[in-house]
Amino acid sequence: DSIPIITNDSLWSSIKGPGYCFYNNDSSNIIKYGILYNWYSVNDIRKICPCGWEVASKDDFDFLCSKLGGPSICGEYLKELSINKNNLTKISFKGLLGGGRDKYFYGLGKYGFFWNRNEYNGNACIYDNDCAFEHTISKELDYFLSSFSNKNRGMSIRCIKKDFKD
(Lines give C-alpha, C1' and ligand atoms only; values in the text may rest on other atoms or scores of the structure.)
Protein backbone atom coordinates (compact mmCIF):
# COMPACT_ATOMS: atom_id res chain seq x y z
CA ASP A 1 0.00 0.00 0.00
CA SER A 2 1.06 3.61 -0.41
CA ILE A 3 1.18 6.63 1.87
CA PRO A 4 -2.33 8.11 1.92
CA ILE A 5 -3.31 11.49 0.56
CA ILE A 6 -5.16 13.49 3.23
CA THR A 7 -7.45 16.29 2.13
CA ASN A 8 -9.58 16.71 5.27
CA ASP A 9 -8.26 19.59 7.43
CA SER A 10 -9.31 18.08 10.77
CA LEU A 11 -7.83 14.68 9.93
CA TRP A 12 -4.60 16.29 8.75
CA SER A 13 -4.07 18.09 12.04
CA SER A 14 -4.78 15.03 14.20
CA ILE A 15 -3.37 12.01 12.35
CA LYS A 16 -0.40 10.24 13.96
CA GLY A 17 0.63 8.39 10.83
CA PRO A 18 2.03 9.16 7.38
CA GLY A 19 0.17 11.36 4.93
CA TYR A 20 0.70 13.81 2.13
CA CYS A 21 -1.22 16.47 0.24
CA PHE A 22 -0.97 19.06 -2.50
CA TYR A 23 -1.17 22.74 -1.57
CA ASN A 24 -4.87 23.68 -1.30
CA ASN A 25 -5.63 20.05 -2.22
CA ASP A 26 -5.06 21.09 -5.83
CA SER A 27 -2.99 18.51 -7.73
CA SER A 28 -1.91 21.12 -10.29
CA ASN A 29 0.31 22.63 -7.57
CA ILE A 30 2.60 19.57 -7.69
CA ILE A 31 4.07 20.75 -10.99
CA LYS A 32 5.50 23.97 -9.54
CA TYR A 33 5.64 23.33 -5.79
CA GLY A 34 5.77 19.59 -5.21
CA ILE A 35 4.12 17.63 -2.42
CA LEU A 36 3.68 18.44 1.28
CA TYR A 37 4.29 15.57 3.69
CA ASN A 38 3.78 15.23 7.40
CA TRP A 39 6.86 14.05 9.30
CA TYR A 40 5.49 10.54 9.81
CA SER A 41 5.97 10.02 6.06
CA VAL A 42 9.66 10.91 6.30
CA ASN A 43 10.59 7.78 8.26
CA ASP A 44 7.82 5.51 7.04
CA ILE A 45 8.86 1.99 6.02
CA ARG A 46 7.44 2.60 2.53
CA LYS A 47 10.32 5.04 1.86
CA ILE A 48 9.42 8.24 0.02
CA CYS A 49 12.88 8.53 -1.57
CA PRO A 50 14.16 6.34 -4.42
CA CYS A 51 16.59 3.49 -3.78
CA GLY A 52 20.06 4.86 -2.93
CA TRP A 53 18.57 8.13 -1.67
CA GLU A 54 17.27 9.24 1.72
CA VAL A 55 15.54 12.21 3.31
CA ALA A 56 18.18 14.74 4.33
CA SER A 57 19.16 14.86 8.00
CA LYS A 58 19.70 17.91 10.17
CA ASP A 59 23.45 17.36 9.78
CA ASP A 60 23.07 17.25 5.98
CA PHE A 61 21.24 20.59 5.94
CA ASP A 62 23.76 22.10 8.38
CA PHE A 63 26.67 20.87 6.23
CA LEU A 64 25.16 22.34 3.08
CA CYS A 65 24.40 25.64 4.75
CA SER A 66 27.93 25.89 6.20
CA LYS A 67 29.37 25.50 2.69
CA LEU A 68 27.16 28.35 1.48
CA GLY A 69 28.26 30.93 4.04
CA GLY A 70 26.19 30.01 7.08
CA PRO A 71 22.56 30.37 8.12
CA SER A 72 22.37 34.15 7.70
CA ILE A 73 22.88 33.98 3.91
CA CYS A 74 22.63 30.41 2.62
CA GLY A 75 18.88 30.71 2.08
CA GLU A 76 19.68 32.98 -0.87
CA TYR A 77 21.51 30.13 -2.62
CA LEU A 78 19.04 27.44 -1.65
CA LYS A 79 16.31 29.25 -3.58
CA GLU A 80 18.30 28.79 -6.79
CA LEU A 81 18.06 25.85 -9.16
CA SER A 82 21.68 24.80 -8.93
CA ILE A 83 24.43 25.80 -6.58
CA ASN A 84 27.96 26.58 -7.74
CA LYS A 85 29.48 28.29 -4.73
CA ASN A 86 32.70 27.13 -3.09
CA ASN A 87 33.01 24.32 -5.68
CA LEU A 88 29.75 22.64 -4.71
CA THR A 89 29.06 21.80 -8.34
CA LYS A 90 27.73 18.35 -7.44
CA ILE A 91 24.80 19.80 -5.52
CA SER A 92 21.52 20.73 -7.10
CA PHE A 93 18.91 22.10 -4.74
CA LYS A 94 15.88 24.14 -5.58
CA GLY A 95 14.23 25.43 -2.46
CA LEU A 96 10.67 25.67 -3.70
CA LEU A 97 8.54 28.12 -1.78
CA GLY A 98 5.75 25.57 -1.54
CA GLY A 99 4.24 26.84 1.69
CA GLY A 100 3.04 24.53 4.40
CA ARG A 101 0.06 23.07 6.15
CA ASP A 102 -1.07 22.90 9.73
CA LYS A 103 -4.80 22.47 9.82
CA TYR A 104 -4.96 24.94 6.92
CA PHE A 105 -2.59 25.88 4.11
CA TYR A 106 -0.33 28.96 4.29
CA GLY A 107 2.74 30.64 2.79
CA LEU A 108 2.66 29.49 -0.85
CA GLY A 109 5.24 31.47 -2.81
CA LYS A 110 6.53 33.10 0.38
CA TYR A 111 8.12 30.29 2.40
CA GLY A 112 9.68 26.92 1.85
CA PHE A 113 9.46 24.54 4.80
CA PHE A 114 11.54 21.35 4.76
CA TRP A 115 11.46 18.36 7.08
CA ASN A 116 14.56 16.41 7.84
CA ARG A 117 14.59 12.89 9.19
CA ASN A 118 15.59 13.78 12.77
CA GLU A 119 13.21 13.93 15.68
CA TYR A 120 13.47 16.74 18.20
CA ASN A 121 13.46 15.47 21.79
CA GLY A 122 14.10 18.69 23.68
CA ASN A 123 12.01 20.18 26.45
CA ALA A 124 10.83 23.09 24.27
CA CYS A 125 8.44 20.90 22.26
CA ILE A 126 4.94 21.82 23.41
CA TYR A 127 3.22 19.19 21.24
CA ASP A 128 3.32 16.18 23.61
CA ASN A 129 6.98 15.61 22.71
CA ASP A 130 5.92 14.98 19.12
CA CYS A 131 8.34 17.28 17.28
CA ALA A 132 10.94 17.00 14.56
CA PHE A 133 13.53 19.33 13.05
CA GLU A 134 12.58 21.57 10.15
CA HIS A 135 14.24 24.19 7.99
CA THR A 136 12.74 27.34 6.49
CA ILE A 137 13.67 29.64 3.63
CA SER A 138 11.89 32.88 2.81
CA LYS A 139 11.26 34.72 -0.44
CA GLU A 140 12.04 38.07 1.18
CA LEU A 141 15.07 37.13 3.29
CA ASP A 142 18.34 35.27 2.77
CA TYR A 143 18.39 33.41 6.08
CA PHE A 144 18.03 29.68 6.55
CA LEU A 145 16.19 28.96 9.77
CA SER A 146 16.63 25.63 11.55
CA SER A 147 13.98 24.91 14.15
CA PHE A 148 11.53 22.22 15.21
CA SER A 149 7.83 21.76 14.80
CA ASN A 150 4.85 19.49 15.34
CA LYS A 151 5.12 16.34 13.20
CA ASN A 152 1.64 16.93 11.79
CA ARG A 153 2.67 19.98 9.78
CA GLY A 154 2.84 19.61 6.02
CA MET A 155 6.24 20.43 4.56
CA SER A 156 8.42 19.64 1.60
CA ILE A 157 11.23 17.11 1.79
CA ARG A 158 14.51 16.79 -0.04
CA CYS A 159 16.05 13.44 -0.88
CA ILE A 160 19.83 13.21 -1.07
CA LYS A 161 22.18 10.52 -2.30
CA LYS A 162 23.32 8.52 0.70
CA ASP A 163 26.99 9.32 -0.01
CA PHE A 164 26.68 12.98 -1.12
CA LYS A 165 29.42 14.23 1.25
CA ASP A 166 32.01 11.77 -0.07
Side-chain angles (χ1 to χ4, degrees), residues 2-4 6 12 15-21 23 30 33-102 107 111-139 141-166:
S2 60
I3 294 172
I6 301 173
W12 181 272
I15 193 169
K16 297 292 183 192
Y20 74 95
C21 64
Y23 194 91
I30 191 173
Y33 295 108
I35 297 172
L36 301 175
Y37 297 91
N38 66 18
W39 186 85
Y40 302 103
S41 300
V42 170
N43 288 317
D44 189 76
I45 60 171
R46 292 170 278 204
K47 306 285 182 195
I48 55 178
C49 294
C51 186
W53 293 69
E54 62 190 355
V55 175
S57 69
K58 183 176 184 316
D59 287 344
D60 295 330
F61 276 106
D62 290 346
F63 172 81
L64 178 59
C65 195
S66 73
K67 296 295 184 183
L68 297 171
S72 64
I73 63 165
C74 73
E76 172 188 358
Y77 301 108
L78 295 177
K79 291 181 270 191
E80 296 178 6
L81 176 57
S82 61
I83 298 164
N84 190 7
K85 180 174 169 41
N86 299 334
N87 293 323
L88 287 176
T89 55
K90 292 172 49 177
I91 295 174
S92 179
F93 184 105
K94 185 170 185 179
L96 301 172
L97 302 177
R101 184 178 189 183
D102 285 324
Y111 298 100
F113 302 102
F114 302 90
W115 283 122
N116 71 55
R117 66 178 180 263
N118 302 99
E119 289 186 86
Y120 172 80
N121 295 312
N123 293 332
C125 179
I126 60 170
Y127 303 103
D128 298 325
N129 261 352
D130 210 15
C131 292
F133 285 100
E134 65 153 300
H135 307 280
T136 304
I137 57 175
S138 166
K139 178 180 181 178
L141 304 169
D142 294 335
Y143 72 84
F144 182 71
L145 176 67
S146 293
S147 187
F148 61 90
S149 189
N150 181 320
K151 293 177 183 177
N152 286 82
R153 286 185 64 200
M155 298 187 202
S156 301
I157 58 113
R158 287 295 173 266
C159 298
I160 61 167
K161 286 188 178 180
K162 289 187 178 182
D163 61 351
F164 95 96
K165 291 181 196 172
D166 297 337

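In this text, all values refer to a predicted model and were calculated from it rather than measured experimentally.
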On a heavy-atom basis, the closest approach of Lys139 and Leu97 is CB-CD1, 3.5 Å

query: Hey, are the side chains of Leu64 and Cys74 touching, using non-hydrogen atoms and a 4.5 Å cut-off?
result: no

message = Less than 4.0 angstrom from a charged side-chain N to a carboxylate O is my criterion; do Lys151 and Glu119 meet it?
response = yes

In this structure, CG of Asp142 is separated from CG of Leu78 (nearest 0.5 Å) by 10.5 Å

inquiry  = Within the 4.5 Å heavy-atom criterion, are Ile15 and Asn152 side-chain neighbours or not?
reply    = yes

Smallest heavy-atom separation, Trp39 atom then Asn118 atom, equals NE1-O, 4.1 Å

Mind checking whether Ser138 and Tyr143 have side chains closer than 4.5 Å, heavy atoms only?
yes

NZ of Lys67 to CG of Asp62, rounded to nearest 0.5 Å, is 13.0 Å

Tell me, do Ile137 and Phe114 make a side-chain contact under 4.5 Å, heavy atoms counted? yes

When every non-hydrogen atom of Pro18 is compared with those of Tyr40, the smallest separation belongs to N-CB, 3.4 Å

Practice prompt. State, yes or no, whether a side-chain contact exists between Trp12 and Arg101 at a heavy-atom distance under 4.5 Å.
Written response: yes

For Tyr23, the ring pair (Phe, Tyr, Trp, His ring centres under 6.0 Å) test, sequence neighbours excluded, returns Phe105

Check: Ser2 main-chain N/O paired with Arg46 side-chain donor or acceptor under 3.5 Å: yes

Exercise. So, Asp44 and Ser41: side-chain donor and acceptor under 3.5 Å apart, yes or no?
Worked result: no

Interatomic distance, NZ@Lys47 vs SG@Cys159, rounded to 0.5 Å, equals 11.0 Å

Output for pair (Ile35 CD1, Ile30 CD1), nearest 0.5 Å, gives 3.5 Å

Note: Phe113 and Thr136 closest approach over all heavy atoms is CD2-OG1, 3.4 Å

Between Asp60 and Arg117 (salt bridge meaning N to carboxylate O under 4.0 Å), is one present in this structure? yes

In this structure, CG of Asn38 is separated from SG of Cys21 (nearest 0.5 Å) by 8.5 Å

Heavy-atom closest pair (Trp115 atom, Asn150 atom, distance to 0.1 Å) is CH2-O, 3.1 Å

Task: Phe61 ring center near His135 ring center (under 6.0 Å) - done: yes

| Derivation of the side-chain hydrogen bond (donor to acceptor under 3.5 Å, both in side chains) call for Asp130 and Tyr120 | CA-CA 8 Å; Asp130 210 15; Tyr120 172 80; over 6 Å; no

To the nearest 0.5 Å, atom OG of Ser72 lies from atom CG of Leu141 at 11.5 Å

Fill in: Arg158 vs Leu96 side-chain heavy atoms within contact, under 4.5 Å
yes

Counting only N and O atoms by type, is there a donor-acceptor contact under 3.5 Å from the side chain of Asn116 to the main-chain atoms of Ala56?
no

So do the side chains of Phe133 and Ser146 get within less than 4.5 Å of each other, counting heavy atoms only?
no

